[in-house]
Amino acid sequence: MGRAAIEGRPVGADAYVALEARYGHFTAMQVRDRRTRGLELHLERLESANLELFGVALDRAAVLGSIRAVLGDDVPDASVRVYVVESDGRPLVMATAAPPFHLSGRPQSVKPVVYQRYLPHIKQAAGFPQAHLIRQVARDGFDEALLTTQDGLISEGAITNLGGFAGGRLIWPDAPMLRGITMGLLQRMDVPQDRRPLKVSALPDLDQVFLCNSRGVVPVGRVGDVELRQDDELMARVIGFYDAIAGDPLD
């Protein structure tokens, strides 16, 4: 039986499982009034990753049951993560709840970093590289790391997707990436949309650049040392579309 201790204090077997979890995947969501946007997309993400990593179907009942259990009867709003990790050779569902995250709405600054994730289409349970990159760029005064190839081709942010508008069209990078839940929801906007190779050098030519993830949608004001265009009306339209999406009940 596995044992674990934290700073000299023995903890239970469940804590051992969580500490030793290395192989698996997860999804992150914002819960408001015990609802979350794109619940089916979250479940589809977990289902797809489960089949690829473990070769078995997702236990959806365990996922929803874990979310309800971690919220309890007294938490209507939270930042929730659902993990599916390997334990004793089988996938095990775990969930965590933290205080809800509220975006400031201020334009974000991003720093290009040459880095490409392994199996980028899977939201991997072990996220050390992204966490490290965010800490590194934060020391230089940036909010997010923008992952690129050696020649500046953009894939995604460390924990976000990047999108932009050009001449009324919504542009997404055409590169290996994690297609986020919020990205998937924004792809339902009634505007022309393209996926195309997008380099860092092309961002100043776009009418508006933004980042999106489970925390919401926020404009990008600066990439490296270059200030980007800001279209408040266009940004309000994107955020308004996202805010109007009804949350799916978790109970």
Asker: Under the 3.5 angstrom rule, does the side chain of D77 hit a backbone N or O of D33 as a donor-acceptor pair?
Answerer: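 Yes, because the side chain of D77 sits within donor-acceptor range (under 3.5 Å) of the backbone of D33.
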Asker: Which heavy-atom pair separates P120 from P176 by the least distance, and what is that distance?
Answerer: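 Of all heavy-atom pairs spanning P120 and P176, the closest is CG-CB, 3.7 Å.
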Asker: Whether the side chain of E47 engages the backbone of L58 through a donor-acceptor N/O pair (distance < 3.5 Å, no angle test) should be reported.
Answerer: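 Side chain of E47 to backbone of L58, a donor-acceptor pair under 3.5 Å: yes, one is there.
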Asker: So which heavy atom on A78 is nearest to which on R32, and how close?
Answerer: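 Looking at all heavy atoms of both residues, the closest pair is O-NH1, 3.7 Å.
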Asker: Do side-chain atoms of Q124 reach the backbone of L119 as a donor and acceptor pair under 3.5 angstrom?
Answerer: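 Yes: the side chain of Q124 pairs with the backbone of L119.
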Asker: Pick from R215, R222, R106: which one makes a salt bridge (charged side-chain N to carboxylate O under 4.0 Å, His left out) with D143?
Answerer: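 That would be R106; it is the only one of R215, R222, R106 passing the salt bridge (charged side-chain N to carboxylate O under 4.0 Å, His left out) with D143.
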Asker: Answer yes if the side chains of H121 and E52 hold a donor-acceptor pair under 3.5 Å, and no otherwise.
Answerer: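 On atom types as modelled, these side chains qualify, holding a pair under 3.5 Å.
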Asker: Quick one: do I239 and V218 end up in the same hydrophobic cluster if we chain Ile, Leu, Val, Met, Phe, Trp and Tyr together by side-chain heavy atoms under 4.5 Å apart?
Answerer: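 In one cluster with I239: V218, no.
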Asker: Under 3.5 Å, is there a donor-acceptor pair between the side chain of D194 and the main chain of I171?
Answerer: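 No: the side chain of D194 does not pair with the backbone of I171.
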Asker: What class does the angle between the rings of F54 and Y23 fall in, given that below 30° is parallel, 30 to 60° is tilted and above 60° is perpendicular?
Answerer: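 Perpendicular: the ring planes of F54 and Y23 meet at over 60°.
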Asker: Quick check against the 3.5 Å criterion: does S48 have a side-chain atom that pairs as donor or acceptor with the backbone of E44?
Answerer: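 The answer is no, because no donor-acceptor pair under 3.5 Å joins these two groups.
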Asker: Would you give the length of the straight line joining atom CD1 of I181 to atom CG of N213, rounded to the nearest 0.5 angstrom?
Answerer: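 Reported value, rounded in 0.5 Å steps: 11.0 Å.
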Asker: Has D174 got a side-chain atom pairing as donor or acceptor with L198's backbone, closer than 3.5 angstrom?
Answerer: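 A pair under 3.5 Å: no.
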Asker: Which class fits the ring pair F165 and F210: parallel under 30°, tilted 30 to 60°, perpendicular over 60°?
Answerer: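 Aromatic pair F165/F210 classed tilted.
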Asker: Just by modelled atom types, is the V114 backbone N or O under 3.5 Å from a matching donor or acceptor in the Q150 side chain?
Answerer: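 Side chain of Q150 to backbone of V114, a donor-acceptor pair under 3.5 Å: no, none is there.
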Asker: Just by distance, no angles: are the side chains of S79 and Q30 close enough, under 3.5 Å, to form a donor-acceptor pair?
Answerer: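 Their side chains do contain a donor-acceptor pair, which is all the 3.5 Å distance test asks for.
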